Visitor: 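Structure provided below as structure tokens; questions to follow.
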Amino acid sequence: MDNKTLSNILLDCKRNKGNLIYLLQKIQDSFGYVPEEAVNWFSNKLDIPASRFYGVITFYPKFRLKPTGKNTITICCGAACHIKGADNIIKGTRDILQLKEGEDTTQNLSFTVQKATCIGACSIAPVVILNDEVYGNMDTEKTTKLLKDYEKKDEYTGFEY
């Protein structure tokens with residue numbers, strides 16, 4: 001763990017009178033997630049029990065305790081998307097990426113799969129977002145093709161079809 005980065009985050013928080021949420025956001029912005037080592041470092045420096053950090057981290061879904069993949073595929077699970085088969089798309093995507101139960105990120109950190117409550121694009125449901133690109137009227141077959149095409153573009157070879 002880089003002590004200089006952690007010290008800079010601490011200085012920024014003190015300068016901006018940041019609270020625990022602000023601190024955790026800065027940690028996650030720096031590392032892509034909230035590493036256990038960072039929690040312990042700040043817990044010691046600020047004399048705040050690590051359990052308070054974990055209470056906030058586990059309450060807010062924005063915070064992550066594990067690294068995320070280089071690419072994020074988000075599947076909308078709002079009412080319209082759900083009715084039109086979002087569950088099948090999630091299952092198919094997880095199968096393609098060979099994710100085990102309870103995992104959301106591939107072992108090689110290439111992809112993270114996440115669900116969105118609603119993204120507000122009901123007219124093109126079901127919706128899949130790959131990084132920042134929105135794809136409408138999706139199904140499992142189209143999502144598989146999207147990932148295959150992305151594999152070629154990104155030279156990712158970590159999953160089989």
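Predicted model, so just to flag it, every value in this text is computed and none were measured. Values reported hereafter were calculated over all heavy atoms of this structure, with side chains retained and with hydrogens, waters and symmetry mates removed.
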Visitor: CZ/Phe111 to CG/Leu99 distance, rounded to the nearest 0.5 angstrom?
Guide: 10.5 Å
Visitor: side-chain contact (heavy atoms from CB on, under 4.5 Å) with Lys45: which residues, sequence neighbours excluded?
Guide: Leu10, Trp41
Visitor: What do you reckon, is CD of Glu37 surrounded by more than 12 foreign heavy atoms closer than 6.0 Å?
Guide: yes
Visitor: Show the nearest heavy-atom pair for residues Thr105 and Pro67, with the distance to one decimal.
Guide: OG1-O, 3.8 Å
Visitor: Under the criterion side chain to side chain contact (heavy atoms under 4.5 Å, CB included), which of Ile129, Leu146, Ile75, Ile124 is the partner of Met138?
Guide: Leu146
Visitor: Might you confirm whether atom OH of Tyr60 has over 12 heavy atoms from other residues, nucleotides or ligands at distances under 6.0 Å?
Guide: no
Visitor: Please check if the side chain of Asn44 supplies one atom and the backbone of Asn40 the other of a donor-acceptor pair under 3.5 Å.
Guide: yes
Visitor: Gln98 and Glu103: which non-hydrogen atoms are nearest, and at how many Å?
Guide: O-OE1, 4.4 Å
Visitor: How close do Phe42 and Leu6 get, heavy atom to heavy atom, and via which atoms?
Guide: CZ-O, 3.5 Å
Visitor: Give me the atom names and distance for the closest heavy-atom approach of Thr74 to Lys115.
Guide: CG2-C, 4.3 Å
Visitor: Using modelled atom types and a 3.5 Å cut-off, is there a donor and acceptor pairing between side-chain atoms of Asn108 and backbone atoms of Ser110?
Guide: yes
Visitor: Indicate yes or no: at least one non-hydrogen side-chain atom of Thr68 is less than 4.5 angstrom from one of Tyr33.
Guide: no
Visitor: Check side-chain contact (heavy atoms from CB on, under 4.5 Å) between Pro61 and all other residues, then give those that pass, not counting sequence neighbours.
Guide: none
Visitor: With rounding to the nearest 0.5 angstrom, report the CG to OH distance, Leu130 to Tyr135.
Guide: 5.5 Å
Visitor: Side-chain contact test, heavy atoms from C-beta onward, threshold under 4.5 Å: evaluate it for Leu23 versus Phe53 and give yes or no.
Guide: yes
Visitor: Using modelled atom types only, decide if a donor and an acceptor are shared between the side chain of Ser43 and the backbone of Ile48 within a distance under 3.5 Å.
Guide: yes
Visitor: What is the minimum heavy-atom distance between Cys118 and Cys122, and which atoms define it?
Guide: SG-SG, 4.4 Å
Visitor: Let me have the donor-acceptor pairs involving side chains of residues 78-93, under 3.5 Å, with sequence neighbours excluded, atom names and distances please.
Guide:
unit_1	atom_1	unit_2	atom_2	d
Lys91	NZ	Asp95	OD2	2.9
Thr93	OG1	Ile89	O	2.8

Visitor: Quick check for you: to the nearest 0.5 Å, what is the distance between Ile119 atom CD1 and Cys76 atom SG?
Guide: 5.0 Å
Visitor: Any chance you could measure Lys4, atom NZ, to Leu11, atom CG, to the nearest 0.5 Å?
Guide: 12.0 Å
Visitor: Quick one: pull up CG in Leu97 and CG in Asn71 and give me the separation to the nearest 0.5 Å.
Guide: 10.0 Å
Visitor: Find the distance between CG (Leu24) and CD1 (Ile57) and round it off to the nearest 0.5 Å.
Guide: 5.0 Å
Visitor: Looking at every heavy atom in both Lys70 and Asn131, which two are closest together, and how far apart are they?
Guide: O-OD1, 4.2 Å
Visitor: Given side chains that start at C-beta, do those of Phe31 and Arg64 come closer than 4.5 Å, heavy atoms only?
Guide: no
